[in-house]
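Everything on this sheet refers to the single structure shown next.
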Amino acid sequence: MDRRDFVRGVGVLTISGGLAGCSGNGGDDGSGNGTDGDSGGDGNTVAVGPDGQLVFEPEEITVETGETVTWEFESASHNVSAWPSHSEEVSIPDGAEGFGTMEEDGDPMATVGQGETFEHTFETAGEYTYVCVPHVASGMVGTVIVE
Ligand SMILES: [Cu+2]
């Protein structure tokens with residue numbers, strides 16, 4: 001009946017002293033893995049509909065967990081959907097979230113203008129098969145492998 005009674009019970013947060021470097025180290029997030037050549041992320045780009053073709057280029061791309069893929073729409077009338085409810089061609093790993101240029105409950109046929117970009121960051125390893133919904137019947141299907 002009285003919601004405040006519930007609120008009062010929350011909020012006990014214990015922080016044990018052993019966590020190093022939570023904040024304030026001024027740089028990147030402290031990952032410190034020695035590989036240094038790919039900071040720009042330019043490698044993880046997929047062209048959508050280059051030269052008006054009904055393809056993703058490259059059709060398959062491999063990234064590391066936590067990396068971002070950018071889709072660049074080089075012609076009009078395309079989209080990106082990795083929502084399983086949008087196409088039987090879509091498949092995503094167990095526990096992964098779908099993604100797309102539209103929300104899951106949005107219009108699967110909604111397209112993106114030429115020159116637009118779309119980004120998704122992959123937090124769950126596995127293989128993602130995604131589609132351009134308007135052109136899936138023409139084989140406009142792509143794969144992202146997250147290692
Ligand atoms: Cu398309």
Side-chain angles (χ1 to χ4, degrees), residues 3 6-7 10-16 18-147:
R3 285 166 173 267
F6 291 95
V7 173
V10 189
V12 179
L13 179 66
T14 304
I15 299 173
S16 59
L19 297 174
C22 283
S23 62
N25 68 6
D28 57 28
D29 53 24
S31 56
N33 60 18
T35 58
D36 206 355
D38 197 21
S39 56
D42 287 343
N44 300 334
T45 300
V46 176
V48 182
D51 302 318
Q53 300 177 82
L54 304 182
V55 298
F56 296 106
E57 176 61 44
E59 184 179 345
E60 178 179 302
I61 188 170
T62 300
V63 304
E64 311 255 319
T65 304
E67 287 189 341
T68 299
V69 173
T70 302
W71 284 265
E72 295 183 347
F73 289 79
E74 298 193 358
S75 56
S77 305
H78 305 290
N79 64 24
V80 165
S81 174
W83 295 112
S85 59
H86 288 183
S87 168
E88 353 181 277
E89 300 289 328
V90 169
S91 90
I92 61 177
D94 286 346
E97 284 193 66
F99 61 89
T101 53
M102 76 301 286
E103 298 297 315
E104 184 174 20
D105 59 359
D107 179 2
M109 296 298 282
T111 61
V112 173
Q114 183 174 3
E116 301 283 310
T117 61
F118 169 68
E119 290 185 351
H120 181 71
T121 300
F122 289 86
E123 303 291 358
T124 302
E127 186 168 321
Y128 297 72
T129 303
Y130 65 92
V131 304
C132 168
V133 180
H135 299 127
V136 63
S138 301
M140 194 165 176
V141 176
T143 302
V144 179
I145 296 171
V146 181
E147 296 184 327

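Just so you know, ligand 1 is whichever comes first in the structure, and atom 1 is the first atom listed for that ligand.
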>> When you measure from the side chain of Asn79 to the backbone of Val133, do you find a donor-acceptor pair of N or O atoms at a distance under 3.5 Å?
In response: yes
> So with a 6.0 Å cut-off around CD of Glu60, is the heavy-atom count from everything else above 12?
Replying inline: yes
> How many angstroms lie between CD in Glu57 and CD in Glu74, if you round to the nearest 0.5 Å?
Replying inline: 9.0 Å
> Using 30° and 60° as the class limits, which term best fits the ring planes of Phe122 and His120: parallel, tilted or perpendicular?
Replying inline: perpendicular
> Listed by chain and number, what are the side-chain hydrogen bond (donor to acceptor under 3.5 Å, both in side chains) partners of Ser138, not counting sequence neighbours?
Replying inline: none
> What number of protein N, O or S atoms occur at distances under 2.8 Å from the Cu ion (ligand 1)?
Replying inline: 4
>> Rounded to the nearest 0.5 Å, what separates atom CH2 in Trp83 from atom CD in Glu104?
In response: 5.0 Å
